[in-house]
Amino acid sequence: MVSETESQAAGLSLAGEDNAGQAVTNCGEGVSHASNGKLYNAVTATDDNKDTSTQEMFDVKIQLPSGELVDIQVSSKELVQEIIQVLMEHEDSCHRTCFSLQFEGNVLDNFSELKSVEGLKEGSVLKVVEEPYTIREARIHIRHFRDLLKSLDLTDAYNGVDCSSLSFLNIISEGDIGDSLCHESNGKKKKRSPADQGLEAIDCSPPEYILPGSTERPLQPLQPISGDNKPLQCLKSMIMSGWNPPPGNRKMHGDLMYLNVITMEDHHINITASNRGFYINQSTAELFNPKPATPSHLSHSLVELLNQVSPAFKKNFFALQKRRIHRHPLERIATPYQVYSWVAPSTSHIIDCVRAEDAYNSRLGYEEHIPGQTRDWNEELQTTRELPQALPTDQQLRQRATFKINSDFVGASTRGAMAVIDGNVMAINPSEETKMQMFIWNNIFFSFGFDVRDHYKDLGGDHAAHIAANHDLKGVQAYSDLDIEELYVLGTVVLDYRGYRVTAQSIIPGILDRKEDQSVVYGSIDFGKTVSSSVKYLTLLQKSCKPLKIMRHTVLNEKEEEVMLCSSVECKGIVGNDGRHYILDLLRTFPPDMNFFPLKEEEALKEECSHCFPKSYRHKLCNLRPELIDSFFQHKYAQFMKLVMEKTKDGDSQQNNGIAHDESQENDEKKEVDIVRQACREVGSVLDYTFDIRFNPDICSTVVRFPESQKAVNQLQRRLLSEASTFLLNVQIPAFIKGCLTHVFVPMDGKSLTEALHSHGINIRYLGTIAETIDQVEERQPLDHVYRIVIMEIVTRSAKQILRHYLQGVEMSALSAAVSHFLNCLLSSYPNPVAHLPPDELMSRRRKGKKKVRPLENGDSIWTSMSPADLWKQICGKARDSYDFTLPRDSVDQLVEKFNLQKVTLLREFCKKTGIQVLLREYNFESRHKPALTEEDILNIFPVVKHIHIKAKEANELVNKAQISIEQGCLKQAAILLNEALVHFNSVYGAVHPEIAVCLRVLARVKFLLGDIAEALDNQQKAVIMTERTMGYDHTTTIQDYVLLSLYCFASGQLPVALKLLYRARYLLLLVTGEDHPSMATLDSNIGVVLQAVLECDLSLRFLEKALETNKKYFGNKSLDVALSHHLIALAHTSKAEFRAAMQHEKETYTIYKALLGDFHEHTKESSAFLKHVTQQAVNLQRTMNEIYKNGSVTTLPHVQIVSPGIDTLLQQLNIINGIIRINVSKNDTNDNEKTDETQDNQKTDLASGSLEQEAAPQEEQKEQIDEQKAGTKENQGNPEEPKEQEETS
């Protein structure tokens, strides 16, 4: 793993001793995720399309201390430290950390650009010069040495530390994808490889649990183990010596610290780290003798020293390096945010001095790489916002610095919050009750999500306080995105850990020295009883009113004075000691949801609400989502324009009915103004002369008082909010259901369902309403998968709420026992799981004969008394209170049986939501004789972290431009734009980020359409690894990426790899959602076609018939999807010479095409021709068989053609299944003029799903186009069929 310390070793520092501003600049210039420079040349855009006009590329030679020369390509704009980073990754120089680069005798500044170095040109030699060590440099070297030894170890990824995460693509494909790319640059040549290697040699049989119809859902394959998994141990142990620190007289000799090392040969050696390097001293465990041993083996690096004293180290370290450099660079680079795994294997705990030092020294109170001080997070966060942004380069630098600081802040906040909850940080108010305590750690302020001092008493108490932290974070995101100059928000992170919600915030300078009422110059500290305002704050917040749809409004303060506000009253404005204007407590940034505010005034609503709304809820902080506000605004604007047009037409007709011409001319303008005014009044515009919809966020407050003059305006506001809430029920929820019915949205798990709902502006509290709506749909069968996921989400979220309170009463030593008991009560069929504490490990030996019963401490009895029936009763209650949904009353087993759920899927969903990590093994949930889990199965509890997201604006704009180019058919132009976007993404995010994965995915499709299969394969491989590492190896997007990668592997002739990838995708989908899902039909069709290519027709038919069955259920018997399935089965039967069966299936295809597309449609004609061919072959075969039966001779009969479909034929079918069509474009790229409208539609539909900014408003016309695209049956390279839309939910 390329860690933060390697960045430090390259001379990177995020904060200087005195100048935080300089630190931020340094961050922007030089700090990225150890991936800048050459390391991510392997990761980013291809060189052929890079815009190198502004960056002069040339080669330089690096001379290592050993005299060896290393050639690298650099650009004039690169920093010196980027070359240093490359050298720290290079095989020959990776063991060095303490060195400088010199050119012609001059030491180069790490943060200077290469163009500033005089005389540096093509072929210049830069010399690596070893520098003397300091204590800091020695520590960095030891840490880097440890990282090299652990570079293949997944322990850090399982433990969720140092931004390590898991990727299994290389193990699944057994490294074949990379090898093929190394050995074969042209994808087209690889198409012949199946024939060359012999198809019979390919082992295509999938594991039993992947076959259609299998009910086995094993967990072990989730984290496969590579064949060369045998660990390479280089040392038995390396620890800090007990002789540290060096005494004064040894410091005078240059000693910095001492290490104890045990080699694989069992030699115990004591090493001195000195200014000159590392050498062996004469100390032992009992005797301190720091003088050099004979020989001392003085070396500038630990690797060089240990190579001399331990042959086993030399051999194993060399082998380790070979393996390390063969891994894909993206597998080693740290991710920007930590990703946690919900399941992990059992690993042995080994001695690690660096880990031990991190745990108890450096990271508890300050960041190790900053000498002598803690980081001033607030100063760093705000200084980045003040960086110049006049030029594009300035904007990029600013975004890069902002992203890096935010990423570091999230990491520090996570460590701090865990330390707070684990009891390792002292409160600043220790005498108060635990829930009311506040903490400061590492210049970050931490507070619990409880209702302290009855702030939220009238709003729902602790429920309201818990949700307020979430709402506040959304507000911070909204104002952060607006980026208003001189208006500052706090760094904010919300974490859930061990049942507690903690908010981490940066600290406003001076706020701890003042009382709260003295600090606040704008807003209210008591929900509106006392209100103050400020001209400066009004000026700044006025800029946010239009984009956030916030209405400027007047309220009364405690003195009955009118006070103007441009936000909710809870929004507080505080001027810090640094003179900056901060806003905080942004929990009411978005308007309230009237569906959950049962007010008397609303009883007389003109438009009736369905689903028995408004309803009461457990708290009064139910807000509408920003996505809903945007959709509602568009809806009202469409109403407004329609009204204006209607009224204008009416006015014109009246004019024509006898009104004098002179009069009409005089009144024209007045009438236009009147029409606009009238339309504004009817749609509820807050202005009467132009359309403008805004909301007053305080309108539902029971404390805020408004002046009499605001009465009419407030009535309008209530009407608007009621309309918005009704719009959610009557328009957005039906639109979501319709999208699911037409398969525009295909949720696979709780996360993808949540994202789809949020894209429509639907809150999670409407899950019960959605379930009820699906229940009322006449043809509910195509929505079975959505209904199942909704039920699972209701159950797991309800259980999560119960677990939160449950864990708060559990002491630390009983945590694993309590969690395993909870999971047994939730998922195990064992009727009476008994909560028991483990035997007390501290029990005295003298009491060995007595029965060891662990005493129950305070709070223990709460969790030990829980039974499955109690828990299920509580879950049903939570489901009713939170989602207004009634679950089956008996047990979870009844629920699983009724809705065809999988317990392993429930376990995954629950663990991901709560941060629980369980042991990787097979769990028997159905056993009625013993509980499914024991306390040893609970490995860890991780925090669930929420934070704001920094966007790379220019890169997103380039991606949007690329989308437009794709729609216009200019694929080469799109590829250039996407490559440029990748460069921007990399400069802002580093080399690994989910948005980069999306961009790579789209670029891979474009390259595939252009016929550049090798490039498509390379980009998609990067996309898969990046998705696995940033979103999770079992994320739904990862499944889709595996399918696309398998397509490109198939196109490049790597059939065994394509099959392995598809089997992995099917296994993940089985685990995530089960076999009964529309996406499974796409997967099974893919597997069936690839199996045909390797002549496994019987196996192929099993998958294709399952796909047909699934398609019939979810798309209807007469749909184009079913027609395509019948055609694929017909092809398989043709390969087996079963022409009668092929004829029956192709008849179905022809019938559907004829009914839906007509006799003269191209696909109907092709199906008809294929049907005639198959019928003729069936007749010929029957005649041949009859003749053989009669005469034993076939000389006079027509020959039966048994020809298996070719690779091109099958590739064409895969393109149709997956929604990608390969278009052959001439080298001079004349596609702009030659492409038909149909082809342009192909590309538009084909690549729209890869967009970063997906619109969630499907049109009927688009659906009709998609239906036509699914109709492709026969292969014709000259006339590519239109593709089926890719089913994505990202």
Is any NZ, NE, NH1 or NH2 atom of the basic residue among [X] and [Y] found under 4.0 Å from an Asp or Glu carboxylate oxygen of the other?
X	Y	result
Glu1075	Arg1066	yes
Glu1109	Lys1106	yes
Asp1084	Arg1102	no
Asp1098	Lys1136	yes
Asp784	Arg780	yes

Does some side-chain heavy atom of [Y] sit less than 4.5 Å from a side-chain heavy atom of [X]?
X	Y	answer
Leu1062	Val1090	yes
Glu1166	Phe1170	no
Lys751	Thr1036	no
Phe745	His760	yes
Cys1049	Leu1061	yes
Ile172	Pro224	yes
Gln963	Gln968	no
Thr1175	Leu1171	yes

How close do [X] and [Y] get, heavy atom to heavy atom, and via which atoms?
X	Y	answer
Ala1016	Ala1004	CB-O, 3.3 Å
Leu783	Ile737	CD1-CG2, 3.8 Å
Arg1064	Pro221	NH1-O, 2.9 Å
Leu1071	Pro218	CD1-O, 4.1 Å
Ser1125	Ser1085	OG-OG, 4.4 Å
Asp1034	Val1072	O-CG2, 3.6 Å

Side chain of [X], backbone of [Y]: donor and acceptor closer than 3.5 Å?
X	Y	answer
Thr742	Lys738	yes
Ser214	Leu211	no
Ser1167	Thr1149	no
Thr1027	Ala1023	yes
Tyr1114	Asp1076	yes
Ser173	Val1057	no
Asn900	Val896	no
Gln902	Thr1073	no
Thr1164	Asp1159	no
His1077	Pro747	yes

Out of curiosity, [X] [atom1] to [Y] [atom2], how far, rounded to the nearest 0.5 Å?
X	Y	atom1	atom2	result
His743	Phe1115	NE2	CZ	4.0 Å
Leu169	Asp1041	CG	CG	10.0 Å
Lys1147	Ile1152	NZ	CD1	14.5 Å
Lys1118	Lys1112	NZ	NZ	8.5 Å
Leu1128	Leu1214	CG	CG	8.5 Å
Arg217	Leu222	CZ	CG	13.5 Å

Hey, mind stepping through Leu1095 and Ser1135 against side-chain contact (heavy atoms from CB on, under 4.5 Å) and telling me if it holds? CA-CA 8 Å; Leu1095 307 179; Ser1135 300; over 6 Å; no
Evaluation steps, side-chain contact (heavy atoms from CB on, under 4.5 Å), between Met1143 and Lys1172: CA-CA 9 Å; Met1143 189 169 68; Lys1172 284 176 184 172; over 6 Å; no
Side chains of Asp1208 and Gln1212: is there a donor and an acceptor less than 3.5 Å apart? no
Going by atom types only, do Tyr787 and Gln781 share a side-chain donor-acceptor pair under 3.5 Å?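 Per modelled atom types, Tyr787 and Gln781 side chains form no pair under 3.5 Å.
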For Phe168, run the ring-ring contact (aromatic ring centres under 6.0 Å, His included) check against Tyr1067, Tyr1042, Tyr1033 and tell me which one passes. Tyr1033
May I ask you to check whether His1127 and His1145 place their ring centers less than 6.0 Å from one another? no
Steps toward side-chain contact (heavy atoms from CB on, under 4.5 Å) verdict (Leu1101, Leu1091): CA-CA 9 Å; Leu1101 279 170; Leu1091 283 170; over 6 Å; no
Would you say that more than 12 heavy atoms from the other residues, nucleotides or ligands in this model lie under 6.0 Å from the NZ of Lys1113, or not? yes
Could you go through Tyr1150 and Lys1165, starting from their C-alpha distance and side-chain angles, then the distance that decides it, and tell me whether this counts as side-chain contact (heavy atoms from CB on, under 4.5 Å)? CA-CA 9 Å; Tyr1150 175 70; Lys1165 291 177 183 176; over 6 Å; no
